[in-house]
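For reference, the structure is listed below as structure tokens.
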Amino acid sequence: MLTDAHCHPFDLSVLFPQMEQERRRLEVFAAASAYSLEEFTHNEKLAQEATNGKAAQLLLCFGVHPQLPAVKNDDLNDSLETLHNLAAARKIAAVGECGFDLYNDVFRETEKTQDDLFAAQLEIAVNYGLPVVIHARRAMHKFFSLSKNLAKCRAVVFHSWPFPFEEGQALLRRGVNAYFSFGNVILNGHKQSVRSLSLFTADRLLTETDAPFQPRRGEKFSAWADLPLILKTAANIRGENTEALECQIEANFREVFTENHTNPANF
């Protein structure tokens with residue numbers, strides 16, 4: 001089964017209204033990110049309408065994105081409260097995406113707020129036994145400094161892993177139950193991502209679209225139809241059978257997102 005460890009159905013629906021029909025046709029098992037109650041409600045409705053059984057599940061995630069302090073600072077406490085309520089009601093499969101974005105001066109100015117937000121979200125994830133989905137731009141040092149706390153999480157998914165293989169291995173050695181997710185960046189030839197993908201053991205890999213925000217070169221947006229090529233490319237890079245790798249990645253996805261969890265989709 002094709003799996004998508006990180007996507008944004010609310011945003012994708014604006015660009016591609018037929019997205020849900022495509023997801024069900026391809027039988028994609030997906031983890032849907034949201035950072036507002038409006039987005040979460042949209043995704044929840046999609047999850048409740050997915051009636052094709054296990055092949056058409058949409059798992060719900062919620063997190064306070066690290067870019068938000070730069071654009072919506074007044075809403076952050078409300079977002080944290082929403083996250084806590086959803087986790088307490090067991091309506092989400094993961095906390096995220098959350099993390100750090102230090103890509104430019106605008107985001108770096110909010111680093112202290114990002115620190116506080118991530119600490120609060122990590123506490124919620126640990127308290128409710130939820131995995132976290134990580135957004136990291138120019139911020140890998142932050143996760144090493146927090147590795148003891150990250151090691152308390154059920155699982156830590158680094159979405160669209162862009163860093164050296166050695167940094168991922170270092171996190172694993174520190175006891176972090178880390179998984180590394182890859183999408184169209186490997187089709188676009190990102191050297192560090194391709195090398196990392198070739199070296200991580202298969203039991204640490206996930207696939208994603210980050211739809212609609214991670215398009216293939218020359219495309220306007222990413223979507224679930226990208227997953228077969230992402231998977232085939234990953235298998236070719238690793239010199240493995242595509243079907244075998246698909247089965248392993250599905251097992252990893254289920255281990256991360258569905259262990260001891262219940263949500264409205266009744267998976």
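Note: hydrogens, waters and symmetry copies are ignored here, and every other heavy atom, side chains too, is used.
The hydrophobic cluster containing Leu58 also contains Leu227, counting ILVMFWY residues as joined when their side-chain heavy atoms lie under 4.5 angstrom apart, directly or transitively. Criterion: ILVMFWY side-chain heavy atoms under 4.5 Å apart, direct or through other members. Under it, Leu60 and Leu37 are not part of a common hydrophobic cluster. Linking Ile, Leu, Val, Met, Phe, Trp and Tyr residues whenever their side-chain heavy atoms come within less than 4.5 Å places Val156 and Phe62 in a single cluster. Placement of Val64 and Phe10 in two distinct hydrophobic clusters is found when ILVMFWY residues are connected by side-chain heavy-atom separations under 4.5 Å, directly or transitively.
Within a 6.0 Å sphere centred on CD of Gln192, other residues, nucleotides and ligands contribute more than 12 heavy atoms. In Tyr103, the OH atom is not crowded: 12 or fewer heavy atoms of neighbouring residues, nucleotides or ligands sit closer than 6.0 Å. Enclosure of atom CD in Glu243 is not indicated, since only 12 or fewer non-hydrogen atoms of other residues, nucleotides or ligands lie within 6.0 angstrom.
Among all heavy-atom pairs drawn from Asp210 and Asp4, the shortest one is N-OD1, 4.3 Å. Between Ile124 and Val95 the shortest heavy-atom distance is CG2-CG2, 4.5 Å. In plain terms, the two heavy atoms of Ala225 and Glu22 that are nearest each other are N-OE2, 3.1 Å. Minimum heavy-atom separation, Ala151 to Gly175: CB-O, 3.5 Å. Of all heavy-atom pairs between Arg204 and Asn177, the closest is NH1-OD1, 2.7 Å. Considering every non-hydrogen atom in both Val132 and Ala125, the closest pair reads CG1-CB, 3.4 Å.
Applying the ring-ring contact (aromatic ring centres under 6.0 Å, His included) definition to pairs two or more places apart or across chains, those involving residues 209-244 are His8-Phe213.
Partner Phe118 forms a side chain to side chain contact (heavy atoms under 4.5 Å, CB included) with one of Leu122, Asp116, Asp115 and no other, that one being Leu122. Residue His135 is tested with Ser33, Pro66, Ser160 for a side chain to side chain contact (heavy atoms under 4.5 Å, CB included); the sole match is Pro66.
For Glu166 and Arg173, the salt-bridge test fails: no basic side-chain N is under 4.0 Å from an acidic carboxylate O. Ion pair Glu20/Arg23 flagged as a salt bridge, since at least one NZ, NE, NH1 or NH2 atom sits closer than 4.0 Å to an Asp/Glu carboxylate oxygen.
For the pair Asp11/Glu39, a side-chain contact is recorded, criterion being any heavy-atom separation below 4.5 Å from C-beta on. At least one side-chain heavy atom of Leu86 sits less than 4.5 Å from a side-chain heavy atom of Phe40. A 4.5 Å side-chain heavy-atom check between Phe16 and Gln18 finds at least one atom pair inside the cut-off. When side chains are defined from C-beta on, Lys152 counts as touching Asn149, because their heavy atoms get closer than 4.5 Å.
A donor-acceptor distance shorter than 3.5 angstrom exists from the side chain of Asp226 to the backbone of Ala223, with no hydrogens or angles considered. Looking at Asn188, its side chain never comes within 3.5 Å of a backbone N or O of His190 through a donor-acceptor pair.
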(Q) Walk me through whether Cys98 and Val133 qualify under side chain to side chain contact (heavy atoms under 4.5 Å, CB included). (A) CA-CA 6 Å; Cys98 58; Val133 178; over 6 Å; no
Q: Using the side chain to side chain contact (heavy atoms under 4.5 Å, CB included) rule, take Arg238 and Leu245 through it: C-alpha gap first, then chi angles, then the decisive distance, then the call.
A: CA-CA 9 Å; Arg238 294 175 59 80; Leu245 185 60; 4.2 Å; yes
Q.
Arg254 vs Thr3, test: side chain to side chain contact (heavy atoms under 4.5 Å, CB included). Steps then yes/no.
A. CA-CA 9 Å; Arg254 291 181 181 276; Thr3 53; over 6 Å; no
Q | CA sep, side-chain torsions, deciding dist, call: Phe253, Leu59, side chain to side chain contact (heavy atoms under 4.5 Å, CB included) | A | CA-CA 11 Å; Phe253 182 94; Leu59 307 185; 3.9 Å; yes
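Inspection of the Asn77 and Glu81 side chains reveals no N or O donor paired with an N or O acceptor under 3.5 Å. The closest side-chain donor-acceptor pair between His6 and Glu208, if any, does not fall under 3.5 angstrom. Under the 3.5 Å distance criterion, with hydrogens and angles disregarded, a donor-acceptor pair is assigned to the side chains of Asp101 and Gln67.
Less than 6.0 angstrom separates the ring centroid of Phe143 from the ring centroid of Phe100. Checked against the 6.0 Å centroid threshold, Phe29 and Phe257 do not count as a close aromatic pair.
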